[in-house]
Amino acid sequence: MCKSRTTVMRYSQYFIPTVKETPSDAEVISHKLMLRAGMIRRLAAGIYNYLPLGLRSIRKVEAIVREEMNRAGAIEMLMPAVQPAELWKESGRWEFYGKELLRFKDRKDNEFCMGPTHEEVVTDLIRKEVRSYRQLPINLYQIQGKFRDEIRPRFGLMRGREFIMKDAYSFDVNEAGADVSYAKMYKAYRRIFERCGLKFRAVEADTGSIGGTSSHEFMVLADSGEDAIVSCSACEYAANMEKAETRNAPACEHADPRPLERVTTPGQKSVEEVAAFLGVNGAQVVKTLVLLADGEPVLALLRGDYDLNEIKLKNHLGCAEIEMAGDDVVQKVTGAPSGYAGPVGLPGKVKVVADLSLQGLHNFVVGANAADTHLKNVNLERDFSVDGFVDLRNVVLGDACPRCESGTLEIWRGIEVGHVFKLGTKYSKALKAGYLDADGKEQIIYMGCYGIGIGRTVAACIEQNHDENGIIFPIPIAPFQCIVSALSAKEDAVKETSEAIYQELLEAGIEVLLDDRDERPGFKFKDADLIGIPLRIVVGAKNLADGRVELKERRSGAVELLTIAEAVAKVKATVKEALQA
RNA sequence: CGGAAUGUAGCGCAGCCUGGUAGCGCACCUGCUUCGGGAGCAGGGGGCCGGAGGUUCGAAUCCUCUCAUUCCGACCA
């Protein structure tokens with residue numbers, strides 16, 4: 001047994017700076033507990049030190065990820081964090097990616113960025129090295145630090161700017177091959193998150209700035225999750241809110257169009273205010289949102305009780321950036337202050353896109369493009385026309401499932417811990433990554449990419465596994481599997497016995513932390529609970545007089561008085577069982 | 001980027017309005033007692049009051065600028 005190894009597993013020699021008080025800037029439970037348990041410390045906004053305990057859990061997740069990636073045939077490598085701008089310009093993302101991409105120059109004034117992801121780098125590598133179909137398929141991955149200059153980092157490791165990510169990239173000769181690679185990764189991801197002991201769902205997702213043709217997100221279910229996810233009550237359909245669709249039932253009313261009416265609505269701007277003022281419900285008010293799509297004004301029409309899904313609009317328009325227009329633009333486009341925009345009698349030519357829910361809607365209310373004025377009994381075609389009907393809204397609880405007849409949609413909160421994409425040829429085309437097929441003909445490579453947030457997975461795990469006393473780690477990703485608390489560490493019998501148990505567990509390959517500190521029992525118990533070690537053996541003078549020690553399970557709180565041999569055997573058995581993959 | 005707030009000991013905060021000796025709790029150090037769920041008493045160390053400029057006899061406190069952080073919104077694997 002290596003001496004140095006045993007030394008650092010003594011609490012008195014180790015570094016676990018726990019704190020009793022909750023730091024004021026932590027909001028979500030995982031952030032609070034990771035700070036309190038001495039797992040992480042903040043260095044700058046969204047940038048953290050990983051302290052020994054936190055690092056151990058991260059390494060556990062990494063190890064599981066490695067095993068499953070290797071099992072799925074992926075090959076580990078390591079790419080640089082700093083990337084040259086020219087590659088990003090070649091793929092077109094230097095312009096597209098936005099401020100999230102941290103850019104800087106070297107001493108020679110050449111442009112670089114901190115890599116937020118590595119499609120460009122890996123594709124560049126492959127295009128230089130792969131010539132023949134015989135070299136494909138291949139799937140390369142790395143576990144590496146990334147940087148994204150998030151607008152608003154928060155929640156500790158959940159949304160940091162610097163973070164550890166596993167990213168894998170598959171290269172295939174054609175789409176069918178890419179589908180196989182994708183399916184392998186999907187399956188590996190399920191195994192990874194199952195082994196981490198997480199409750200999760202795989203959902204259909206938008207491809208965002210990574211691009212590509214289709215994707216799934218792996219979402220850990222947690223009320224504190226930043227993402228809304230949608231699932232069907234009856235079938236397997238699950239998607240994130242950005243992507244989720246519904247079967248839009250046509251509005252059933254066949255009301256005759258009533259004459260258009262202009263009404264004064266002083267100070268009534270929001271849908272709620274207008275609806276209440278006019279005595280109609282929100283569904284009868286159509287809201288007109290003025291947006292800027294790559295700087296061009298666009299009007300989006302939605303039923304008042306629905307929310308705009310900007311991703312859907314962005315995808316429909318095929319633009320890079322979309323944002324709500326400021327008051328000055330609203331004034332210019334509609335001729336009225338914001339709050340009174342409408343599609344009828346617009347002063348100039350502007351693109352108008354309507355949500356599907358407007359089809360078949362009659363006699364609704366819209367802004368009149370004049371201050372303090374709305375129009376009642378507005379009807380499509382008669383009063384205005386649109387440039388198309390598109391699904392533009394977020395689904396709501398109870399909407400009809402788009403895939404089956406009977407189901408309705410349910411909404412959950414989730415934390416995105418993994419994301420798999422079919423990229424198609426987006427990057428291989430842009431960077432000209434091709435190969436020669438069996439006929440000697442030039443072909444383009446089909447790609448996929450697959451990410452897992454390592455730190456985020458640990459944080460998500462804590463969101464799902466904690467109580468009022470602290471973290472409750474599942475054994476597979478616990479920083480230590482067992483803690484031996486030597487109460488009254490000064491007494492020889494206690495000291496010797498706890499040492500013996502510690503050594504025996506170490507030799508059995510158990511990751512054990514010996515709490516040999518000269519502290520009061522309550523203090524040690526509180527720390528042990530806080531840092532979430534799944535199993536605890538307490539060696540105290542009283543029980544030891546009967547030749548017994550106490551074995552306590554962190555999660556259930558179940559306590560057993562056992563002989564030393566029994567306790568050791570039980571710890572071994574419990575850990576072994578938990579690690580069975 | 002829009003709105004709001006906060007920077008005072010390692011952490012959590014008071015003091016600021018009404019300018020005049022920089023304080024409390026936790027943590028830390030020493031001693032004694034205590035010892036199965038974050039002990040008690042006594043003593044002690046630790047501060048350029050985020051930074052720069054200004055007003056004033058005198059600024060943690062008032063004014064201006066700046067930097068940082070946090071919250072709400074928008075945005076985002």
Side-chain angles (χ1 to χ4, degrees), chain A residues 17-27 31 35-36 38 41-47 97-101 115-119 146-155 158-161 163-167 205-212 215-219 226-227 240-242 289 291-292 308 310-311 314 320-327 415-421 449-457 468-470 485-491 494 517-531 536 538-544 549-550 552 557 559 561:
Chain A
T18 59
V19 285
K20 196 155 55 173
E21 287 175 75
T22 306
S24 62
D25 58 347
E27 283 186 281
H31 189 196
L35 287 168
R36 287 193 54 209
R41 284 293 183 266
R42 200 189 71 108
L43 179 63
I47 301 177
Y97 216 94
K99 288 188 189 148
E100 217 180 310
L101 184 64
T117 174
H118 282 66
E119 282 81 9
K146 302 240 181 296
F147 194 93
R148 292 182 192 175
D149 200 358
E150 295 281 350
I151 296 170
R152 205 179 144 199
R154 56 186 139 179
F155 305 149
M158 210 97 97
R159 178 169 292 279
R161 293 197 292 171
F163 55 98
I164 301 170
M165 177 169 167
K166 186 284 303 180
D167 46 327
D206 184 76
T207 51
S209 55
I210 302 285
S215 82
H216 285 87
E217 287 173 342
F218 288 77
M219 309 290 291
E226 289 188 88
D227 299 299
N240 74 6
M241 184 56 87
E242 294 175 349
L289 303 174
L291 299 109
L292 288 175
L308 174 69
E310 289 191 19
I311 303 287
K314 193 168 145 182
E321 292 284 347
I322 201 153
E323 58 180 335
M324 294 297 289
D327 289 352
I415 301 163
E416 183 190 352
V417 289
H419 204 155
V420 293
F421 296 85
C449 79
Y450 318 91
I452 290 178
I454 302 286
R456 192 183 272 189
T457 300
E468 65 282 4
N469 291 316
S485 294
L487 303 193
S488 54
K490 280 182 200 157
E491 286 187 40
V494 171
R517 296 174 299 171
D518 184 17
E519 291 288 352
R520 303 164 61 82
F523 195 90
K524 295 187 174 191
F525 294 151
K526 287 288 184 190
D527 267 347
D529 284 354
L530 177 60
I531 66 180
R536 185 179 81 199
V538 179
V539 183
K542 279 182 209 156
N543 288 323
L544 197 55
V549 294
E550 179 184 299
K552 183 167 181 174
V559 177
L561 273 184

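First the proteins, then the strands, lettered A, B, ... as listed; each starts at 1. Note that the coordinates shown come from a computational prediction; the quantities given were computed from them, not determined experimentally.
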With a 4.0 Å cut-off on heavy atoms, is A/G453 in touch with a base, just the backbone sugar-phosphate, or nothing at all? base
Mind checking if A/Y450 touches a base, just sugar-phosphate, or nothing, with heavy atoms under 4.0 Å? nothing
Could you work out the separation of [N] and [M] based on their [atom1] atoms and round it to a whole Å?
{"N": "B/rG19", "M": "B/rC75", "atom1": "C1'", "answer": "44 Å"}
{"N": "B/rC28", "M": "B/rG51", "atom1": "P", "answer": "28 Å"}
{"N": "B/rA59", "M": "B/rC17", "atom1": "P", "answer": "14 Å"}
{"N": "B/rC24", "M": "B/rC41", "atom1": "P", "answer": "15 Å"}
{"N": "B/rA27", "M": "B/rU21", "atom1": "P", "answer": "30 Å"}
{"N": "B/rC48", "M": "B/rA5", "atom1": "C1'", "answer": "25 Å"}
{"N": "B/rA9", "M": "B/rG54", "atom1": "C1'", "answer": "29 Å"}

Of all the choices, [options], which nucleotide is nearest to the side chain of [X] once you look at every atom?
{"X": "A/R42", "options": "B/rA77, B/rU70, B/rC1", "result": "B/rU70"}
{"X": "A/E21", "options": "B/rA77, B/rA74, B/rC26", "result": "B/rC26"}
{"X": "A/F421", "options": "B/rG25, B/rA77, B/rC76", "result": "B/rA77"}

About how many Å separate [atom2] of [Y] and [atom1] of [X], when rounded to the nearest 0.5 Å?
{"X": "A/K146", "Y": "A/D167", "atom1": "NZ", "atom2": "CG", "result": "3.5 Å"}
{"X": "A/T22", "Y": "A/R36", "atom1": "OG1", "atom2": "CZ", "result": "5.0 Å"}
{"X": "A/E491", "Y": "A/L544", "atom1": "CD", "atom2": "CG", "result": "9.0 Å"}

Expressed in angstrom and rounded to an integer, what is the separation of [X] atom [atom1] from [N] atom [atom2]?
{"X": "A/H31", "N": "B/rU70", "atom1": "NE2", "atom2": "C1'", "result": "11 Å"}
{"X": "A/E226", "N": "B/rG73", "atom1": "CD", "atom2": "C1'", "result": "14 Å"}
{"X": "A/M219", "N": "B/rA77", "atom1": "CE", "atom2": "C1'", "result": "11 Å"}
{"X": "A/E310", "N": "B/rA74", "atom1": "CD", "atom2": "C1'", "result": "8 Å"}
{"X": "A/Y97", "N": "B/rC76", "atom1": "OH", "atom2": "C1'", "result": "9 Å"}
{"X": "A/I311", "N": "B/rC76", "atom1": "CD1", "atom2": "C1'", "result": "8 Å"}
{"X": "A/L308", "N": "B/rG73", "atom1": "CG", "atom2": "P", "result": "17 Å"}
{"X": "A/R154", "N": "B/rC71", "atom1": "CZ", "atom2": "P", "result": "7 Å"}

How far apart are the closest heavy atoms of [X] and [Y], and which atoms are they?
{"X": "A/R517", "Y": "A/F523", "answer": "NH1-CE2, 3.9 Å"}
{"X": "A/G557", "Y": "A/K552", "answer": "O-CE, 3.7 Å"}
{"X": "A/F421", "Y": "A/Y450", "answer": "O-CE2, 4.1 Å"}

Can a donor-acceptor pair be found, under 3.5 Å and without considering hydrogens, that links the side chain of A/R456 to the backbone of A/M158? yes
Under 3.5 Å, is there a donor-acceptor pair between the side chain of A/R41 and the main chain of A/L35? yes
With a 3.5 angstrom cut-off on both distances, give the Watson-Crick or G-U wobble partner of [N], or none if there isn't one.
{"N": "B/rC65", "result": "B/rG51"}
{"N": "B/rA42", "result": "B/rU30"}
{"N": "B/rC16", "result": "none"}
{"N": "B/rG58", "result": "none"}
{"N": "B/rA22", "result": "none"}
{"N": "B/rC75", "result": "none"}

Nucleotide-resolved protein contact map, nucleotides 32-43 of chain B, B/S/- at heavy-atom distance under 4.0 Å: --BSBBBB----
Does A/K166 put a side-chain nitrogen or oxygen below 4.0 Å from OP1 or OP2 of B/rA77? no
Please compare A/D227 and A/T22 by the position of their nearest nucleotide in RNA chain B and report the one closer to 5'. A/T22
Taking for each residue the nucleotide of RNA chain B with the nearest heavy atom, is it A/V417 or A/R161 whose nucleotide lies nearer the 5' end? A/R161
With a 4.0 Å cut-off on N to O distance, would you call A/R159 and A/E150 a salt bridge? yes
Counting only distance, no hydrogens or angles, is the base of B/rC76 paired donor-acceptor with the side chain of A/R159 under 3.5 Å? yes
